[in-house]
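Read the structure below first, then the notes.
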Amino acid sequence: MTAFRHVWSQTSPDLRVEAADVTRGDRAWTQTRVVVGAGRAGVVVVPVHGEQIGFVRLWRPCVDEVRLELPRGFGESPDPELDARRELLEETGLDATHVTRLATFDLDTGLVPTPIIAFAAQLDSRRPTRTPDGETDDLVWVDATSLSRLVAEGTLRDGITLAALAAWWASPSRTPARHANA
């Protein structure tokens with residue numbers, strides 16, 4: 001096992017930079033990694049209501065743009081499904097009637113060791129049950145048949161969102177929207 005050492009950290013959000021001196025064959029280098037959310041798996045949620053998918057619109061300071069993304073966040077509990085339900089409620093005000101685990105994926109195996117778990121959230125209503133926490137600007141519903149076009153034109157381009165949509169699309173438990181020619 002590679003021994004990483006602490007380089008830098010902050011608490012809000014929980015973020016840690018670590019480094020390790022590694023060798024493989026005749027190569028040697030310093031490998032850096034970024035550990036987020038105390039090392040717990042992050043979550044991303046595909047909110048599904050009938051033939052529509054719910055996205056949040058929000059400003060991302062790192063790219064200085066307003067983006068359309070799926071709700072997501074750091075893991076805060078030992079139960080990723082609870083984290084998924086919490087993120088959905090915080091960012092959209094929506095309560096899921098049923099949550100299905102879709103896939104686990106890695107954001108960047110060369111930099112981030114923390115996995116992300118994708119969930120589909122079935123909703124009985126598109127009406128929020130509470131006011132979102134203010135992290136997002138608004139909730140946008142998109143017909144599943146529009147997803148390919150939105151990806152092709154660059155409207156949907158966040159890697160975590162795209163990976164979660166691919167997992168949803170590939171899932172045998174997806175709703176009838178999965179059959180749409182997206």
Side-chain angles (χ1 to χ4, degrees), residues 13-15 17 32-37 41-75 80 83-94 96 99-123 125-128 131-182:
D14 190 359
L15 186 67
V17 176
T32 303
R33 70 180 186 182
V34 179
V35 180
V36 295
V43 296
V44 58
V45 184
V46 183
V48 181
H49 182 265
E51 301 290 326
Q52 295 191 315
I53 307 297
F55 292 88
V56 291
R57 186 184 325 272
L58 70 167
W59 176 60
R60 290 292 191 193
C62 286
V63 294
D64 196 21
E65 291 182 10
V66 174
R67 296 286 179 95
L68 203 56
E69 301 177 1
L70 291 171
R72 68 170 189 237
F74 295 124
D83 288 332
R85 288 179 178 276
R86 176 187 45 76
E87 283 297 332
L88 180 66
L89 190 60
E90 285 177 3
E91 293 188 9
T92 68
L94 298 168
V99 174
T100 304
R101 188 175 183 145
L102 298 172
T104 300
F105 58 90
D106 297 311
L107 179 62
D108 180 347
T109 58
L111 185 62
V112 182
T114 313
I116 297 171
I117 303 172
F119 291 88
Q122 301 302 315
L123 306 166
S125 172
R126 293 182 353 173
R127 177 172 283 150
T131 303
D133 65 5
E135 287 182 34
T136 62
D137 297 334
D138 61 359
L139 176 61
V140 177
W141 291 96
V142 172
D143 289 333
T145 57
S146 301
L147 294 176
S148 290
R149 178 183 52 80
L150 294 172
V151 171
E153 70 188 23
T155 300
L156 296 177
R157 59 189 267 196
D158 167 66
I160 295 172
T161 293
L162 296 176
L165 287 172
W168 171 75
W169 200 257
S171 172
S173 62
R174 62 190 178 236
T175 66
R178 74 194 249 279
H179 300 294
N181 182 18

Kindly compute the distance separating [atom1] ([X]) from [atom2] ([Y]), expressed to the nearest 0.5 Å.
X: Arg126; Y: Leu94; atom1: CZ; atom2: CG; result: 10.0 Å
X: Asp83; Y: Glu90; atom1: CG; atom2: CD; result: 9.5 Å
X: Thr92; Y: Asp133; atom1: OG1; atom2: CG; result: 9.5 Å
X: Thr155; Y: Leu147; atom1: OG1; atom2: CG; result: 11.0 Å
X: Ser146; Y: Gln52; atom1: OG; atom2: CD; result: 9.0 Å

Side chain to side chain contact (heavy atoms under 4.5 Å, CB included) against Glu91, all qualifying residues, sequence neighbours excluded = Val56, Pro71, Glu87, Glu135, Thr136

remark   = Sequence neighbours excluded, the answer for side chain to side chain contact (heavy atoms under 4.5 Å, CB included) partners of Val151 is Leu156, Leu162

Nearest heavy atoms of [X] and [Y], plus distance in Å:
X: Pro47; Y: Trp141; answer: O-CZ3, 4.0 Å
X: Pro80; Y: Val43; answer: O-CG1, 3.6 Å
X: Ala121; Y: Val45; answer: CB-CG1, 3.6 Å

Just distance, no hydrogens or angles: give the donor-acceptor pairs under 3.5 Å from side chains in residues 102-113, sequence neighbours left out.
unit_1 : atom_1 : unit_2 : atom_2 : d
Thr104 : OG1    : Arg101 : NH2    : 3.4
Asp108 : OD1    : Gly110 : N      : 2.9

inquiry  = Just so I know, are the side chains of Leu88 and Leu123 near enough to count as touching, which here means a heavy-atom distance under 4.5 Å?
reply    = yes

task = Could you tell me whether the side chain of Leu58 reaches within less than 4.5 Å of the side chain of Glu69, counting heavy atoms only?
result = yes

key: Polar side-chain atom of Arg57 near backbone of Val66 as donor-acceptor pair, under 3.5 Å   = no

inquiry  = Walk me through whether Ile116 and Thr114 qualify under side-chain contact (heavy atoms from CB on, under 4.5 Å).
reply    = CA-CA 7 Å; Ile116 297 171; Thr114 313; over 6 Å; no

request  = Kindly determine whether Arg60 and Asp158 satisfy side-chain contact (heavy atoms from CB on, under 4.5 Å), including the steps that lead there.
outcome  = CA-CA 11 Å; Arg60 290 292 191 193; Asp158 167 66; 6.0 Å; no

inquiry  = Determine whether Leu70 and Ile53 satisfy the following criterion, side-chain contact (heavy atoms from CB on, under 4.5 Å), listing intermediate values before the conclusion.
reply    = CA-CA 9 Å; Leu70 291 171; Ile53 307 297; 4.0 Å; yes

key: Residues Phe55, Thr161; criterion side-chain contact (heavy atoms from CB on, under 4.5 Å); working and verdict   = CA-CA 9 Å; Phe55 292 88; Thr161 293; 3.9 Å; yes

